[in-house]
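Dropping a structure here in structure tokens format, bear with me for questions.
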Protein chains: 2
Amino acid sequence: MKQVEEILKRNHLSVTDSRQKIMQFFLNSKGALAHADIEKKTGENFDRVTVYRTLQSFVEKGIIHLIPTKDNSIKYALCKDDCEAGHHHDNHVHFICDECSKTICLDDVTVPQVKLPKGFTPQHAEMVVNGICGDCK
Amino acid sequence: MKQVEEILKRNHLSVTDSRQKIMQFFLNSKGALAHADIEKKTGENFDRVTVYRTLQSFVEKGIIHLIPTKDNSIKYALCKDDCEAGHHHDNHVHFICDECSKTICLDDVTVPQVKLPKGFTPQHAEMVVNGICGDCK
DNA sequence: AGTAAATTTGCAACAATGATGCGAAAATTT
DNA sequence: AAATTTTCGCATCATTGTTGCAAATTTACT
Ligand SMILES: [Mn+2]
Ligand SMILES: [Mn+2]
Ligand SMILES: [Zn+2]
Ligand SMILES: [Zn+2]
């Protein structure tokens, strides 16, 4: 059984053409992807709505995760941690290159804990670092 | 001279009605504000475009800063660090309450440094913590 | 204070992004 | 292979953000 098919089945998603192609596109990509990347750069011609719904279900199943940005653009990347449906537990740092503007998961760099002021109860923390990536230096 | 007027003049912005009102709204607010908050909750009736342009110029002048979120919503808050036009240097942690969904600048909590893999050169880091705020607990 | 110059505002128009309802198509189950 | 369930693609709509331009306002100048 092909890898993409296996991933979809394991996550209780029916195996459709769009899902297979989009999942393969994630597997082939180094960095994170935006909706527009998938719509335009897959070579395929999926409906915009199909792409939205596919990404949504991947997120729900814990297959991909969102990456926070300042510029109102959503980026998605494969979860390499063992996320479950309805509950992600990625806690790695993300890097955004100011040169090539690629967004990269630093899977081995965990988000450090910080001491919060009295009264605040932390649940989850995200960290995004900007700078120059290895390829651009 | 009124406080808002003083702030605008200091940042080389002409003192207009919208700018004064929006700046005052920031000064009165505890947490961060979204575009929609300003458009709807000021009581005033600014044109959408005016609000966009006002926020843009405040960001450019280093008066307010952006806060990254996962859900594609931009939040703005007053800079309490000494930011300059074209170059912000806020480096405090932000807290988003899962209950009341307020976004709060933790001005006294600085973003910790992390060790990045070889090749990556950091420039700036952002950290956002989710959880329950003091008011909601 | 009064006028000219510069800046900002509001409107219209447009583009991009995202959500929803629904019948047709495809995938899964029996 | 037929029935059932799920997904897809299209049409339609809502929200968010941008741009050009004339009118209004603010600032600079005499
Ligand atoms: Mn990641
Ligand atoms: Mn802040
Ligand atoms: Zn790069
Ligand atoms: Zn709260």
Side-chain angles (χ1 to χ4, degrees), chain A residues 1-2 4-25 32-61 63-64 66-76 85 101 103, chain B residues 1-2 4-25 32-61 63-64 66-76 85 101 103:
Chain A
M1 182 155 51
K2 280 196 61 180
V4 285
E5 203 178 325
E6 200 270 316
I7 295 173
L8 294 175
K9 290 216 166 130
R10 172 156 36 96
N11 288 282
H12 311 102
L13 287 171
S14 44
V15 181
T16 70
D17 197 50
S18 351
R19 282 176 183 164
Q20 289 188 83
K21 298 250 175 67
I22 292 175
M23 178 56 63
Q24 189 61 60
F25 194 57
L33 298 173
H35 174 101
D37 295 325
I38 294 160
E39 211 188 318
K40 289 162 199 158
K41 300 182 193 163
T42 43
E44 306 292 325
N45 233 43
F46 304 118
D47 190 84
R48 241 155 38 82
V49 181
T50 302
V51 177
Y52 280 118
R53 292 199 268 228
T54 303
L55 291 172
Q56 276 169 15
S57 53
F58 284 1
V59 171
E60 277 162 23
K61 295 294 185 182
I63 305 173
I64 62 177
L66 297 166
I67 299 166
T69 58
K70 279 196 197 182
D71 67 338
N72 234 14
S73 74
I74 304 185
K75 289 281 176 68
Y76 303 88
S101 68
T103 301
Chain B
M1 184 156 48
K2 279 197 65 182
V4 286
E5 202 177 326
E6 200 271 316
I7 295 173
L8 294 175
K9 290 218 168 128
R10 173 157 33 102
N11 288 282
H12 310 102
L13 287 170
S14 44
V15 181
T16 69
D17 197 50
S18 350
R19 283 176 181 163
Q20 290 189 84
K21 298 251 175 67
I22 292 175
M23 178 55 63
Q24 188 61 60
F25 195 56
L33 298 174
H35 174 100
D37 295 324
I38 294 160
E39 211 187 318
K40 289 161 199 159
K41 299 182 193 162
T42 41
E44 306 292 327
N45 234 45
F46 304 119
D47 191 82
R48 244 157 34 81
V49 181
T50 302
V51 177
Y52 280 117
R53 293 197 268 226
T54 302
L55 291 172
Q56 275 170 16
S57 55
F58 284 1
V59 170
E60 277 162 23
K61 295 295 185 180
I63 306 174
I64 62 177
L66 298 167
I67 299 167
T69 59
K70 277 199 197 180
D71 68 338
N72 233 15
S73 73
I74 305 185
K75 290 281 175 72
Y76 304 86
S101 68
T103 301

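Because only heavy atoms are used, hydrogens play no part in the values below, and waters and symmetry mates are left out as well, while side chains stay in. Quick note on labels: first sequence line is chain A, next is B, and so on, each numbered from 1.
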**Protein-nucleotide distance (A:Ile22, atom CD1; D:dC8, atom P), rounded to Å** = 8 Å
**Asked** Hey, is the side chain of A:Asn72 poking within less than 4.0 Å of OP1 or OP2 on D:dG17, counting only N and O atoms?
**Response** yes
**Asked** Reckon A:Thr54 has a side-chain N or O less than 4.0 Å from the OP1 or OP2 of D:dT7?
**Response** no
**Message:** Working note: B:Thr103 + B:Leu33, criterion side-chain contact (heavy atoms from CB on, under 4.5 Å); need CA distance, chi angles, decisive distance, verdict.
**Reply:** CA-CA 8 Å; B:Thr103 301; B:Leu33 298 174; over 6 Å; no
**Asked** Do A:Arg48 and C:dG18 share a donor-acceptor pair, side chain to base, under 3.5 Å?
**Response**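 Such a pair is found, so the answer is yes.
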**Request:** Let me know, please, whether B:Val49 or B:Leu13 comes out on the 5' side of the other along DNA chain C by nearest nucleotide.
**Result:**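 Whichever sits nearer the 5' end wins; that is B:Leu13.
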**Message:** What is the separation between atom CD on A:Glu39 and atom C1' on D:dC10, rounded to the nearest whole Å?
**Reply:** 14 Å
**Asked** For A:Ser14 and D:dT7, is the shortest distance between a side-chain N/O and OP1 or OP2 below 4.0 Å?
**Response**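 Yes, within the criterion.
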**Message:** Are more than 12 heavy atoms, taken from residues, nucleotides or ligands other than B:Asn45, located less than 6.0 Å from that residue's CG atom?
**Reply:** no
**Item:** Euclidean distance, A:Ile38 CD1 relative to A:Tyr76 OH, rounded to 0.5 Å
**Value:**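 One gets 7.5 Å once the value is rounded to the nearest 0.5 Å.
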**Prompt:** Is there a donor and acceptor pair, one atom on the side chain of A:Arg53 and one on the base of C:dG18, closer than 3.5 Å?
**Reply:** no
**Item:** Atom-pair distance (NZ on A:Lys61; P on D:dT6), nearest Å
**Value:**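 After rounding, the reported distance stands at 11 Å.
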**Request:** Measure the distance from OH on B:Tyr52 to P on C:dA13 and round it to the nearest whole Å.
**Result:**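 Roughly 19 Å, once rounded to whole Å.
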**Item:** Distance in angstrom units between A:His12 NE2 and D:dT5 P, rounded
**Value:** 18 Å
**Message:** Check this one for me: any side-chain N or O of B:Thr16 less than 4.0 Å away from OP1 or OP2 of D:dT25?
**Reply:** no
**Request:** On DNA chain D, check which nucleotide each of B:His35 and B:Lys9 is closest to and give me the residue with the more 5' one.
**Result:**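 This one resolves to B:His35.
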**Prompt:** Between B:Lys2 and B:Glu6, is there a salt bridge with N-O shorter than 4.0 Å?
**Reply:** no
**Prompt:** When we call it a touch if two heavy atoms are under 4.0 Å apart, what does B:Gln56 touch: a base, just sugar-phosphate, or nothing?
**Reply:**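 Counting heavy atoms under 4.0 Å across all strands, the contact made by B:Gln56 is with sugar-phosphate only.
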**Request:** Rounded to the nearest angstrom, tell me the gap between atom CD in A:Glu44 and atom C1' in D:dG9.
**Result:**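 The answer, rounded to whole Å, is 15 Å.
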**Prompt:** Are A:Ser14 and A:Arg19 close enough, and set up right, to give a side chain to side chain donor-acceptor pair (under 3.5 Å), and what steps lead you there?
**Reply:** CA-CA 9 Å; A:Ser14 44; A:Arg19 282 176 183 164; 3.3 Å; yes
**Request:** Provide, to the nearest angstrom, the distance between the CZ atom belonging to B:Phe46 and the C1' atom belonging to D:dA24.
**Result:**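 Taking CZ of B:Phe46 and C1' of D:dA24, I get 15 Å after rounding.
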**Prompt:** A:Gln20 CD to D:dT6 P: how many Å, rounded?
**Reply:**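 Spelled out: CD on A:Gln20 to P on D:dT6 is 19 Å.
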